[in-house]
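Report on the structure given below.
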Amino acid sequence: MPTYHYECEKCGHEFEMDQKITDAPRKICPKCRGKVFRVIQAVAHILKGSGFYTTDYRSEDFKQKEKADKGSADITIPPKNENKPAEKKKKGGK
């Protein structure tokens, strides 16, 4: 059963209620009898364990490429040459 979060417009009282999806939303604050509204909240949804696409259903070819990519992560980037002044373009095409 989903839990819905409500907030009162009049007194600011916040409360939660377990309601069926088919139940009508609450309209009156239990504290001051003012008008209430549902507050939308973010819900985390994480799929873990075996049986999901990333762990079980990927092809063997993909898994081998992924392992090879992890091994080639030691790429060296050449340092910038800070002693060399930047080249300036001349105006007028000369």
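A quick note: this is a predicted structure, and the numbers were derived from the prediction, not measured.
- For R38, the CZ atom sits in a packed shell: over 12 heavy atoms of surrounding residues, nucleotides or ligands are nearer than 6.0 Å.
- Annotation for Q19 and A24: closest pair NE2-O, 3.4 Å, computed over non-hydrogen atoms.
- The NZ atom of K31 sits 9.0 Å away from the SG atom of C8 when rounded to the nearest 0.5 Å.
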TODO: Any chance you could lay out the side-chain contact (heavy atoms from CB on, under 4.5 Å) test for Y4 and R26, step after step, and finish with the verdict?
DONE: CA-CA 9 Å; Y4 293 101; R26 184 84 186 243; over 6 Å; no

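- Of the inter-residue distances, the one linking C29 atom SG with Y6 atom OH reads 12.5 Å to the nearest 0.5 angstrom.
- Expressed to the nearest 0.5 Å, how far CD of E7 lies from CD of E14 amounts to 4.5 Å.
- The shortest non-hydrogen separation linking P2 to I21 is CG-CG1, 3.6 Å.
- Under the side chain to side chain contact (heavy atoms under 4.5 Å, CB included) criterion, I40 pairs with no residue, sequence neighbours left out.
- With rounding to the nearest 0.5 Å, the separation of CD1 in I28 from NZ in K35 is 11.5 Å.
- Hydrophobic clustering (ILVMFWY, side-chain heavy atoms < 4.5 Å, transitive): V39 and M1 are in distinct clusters.
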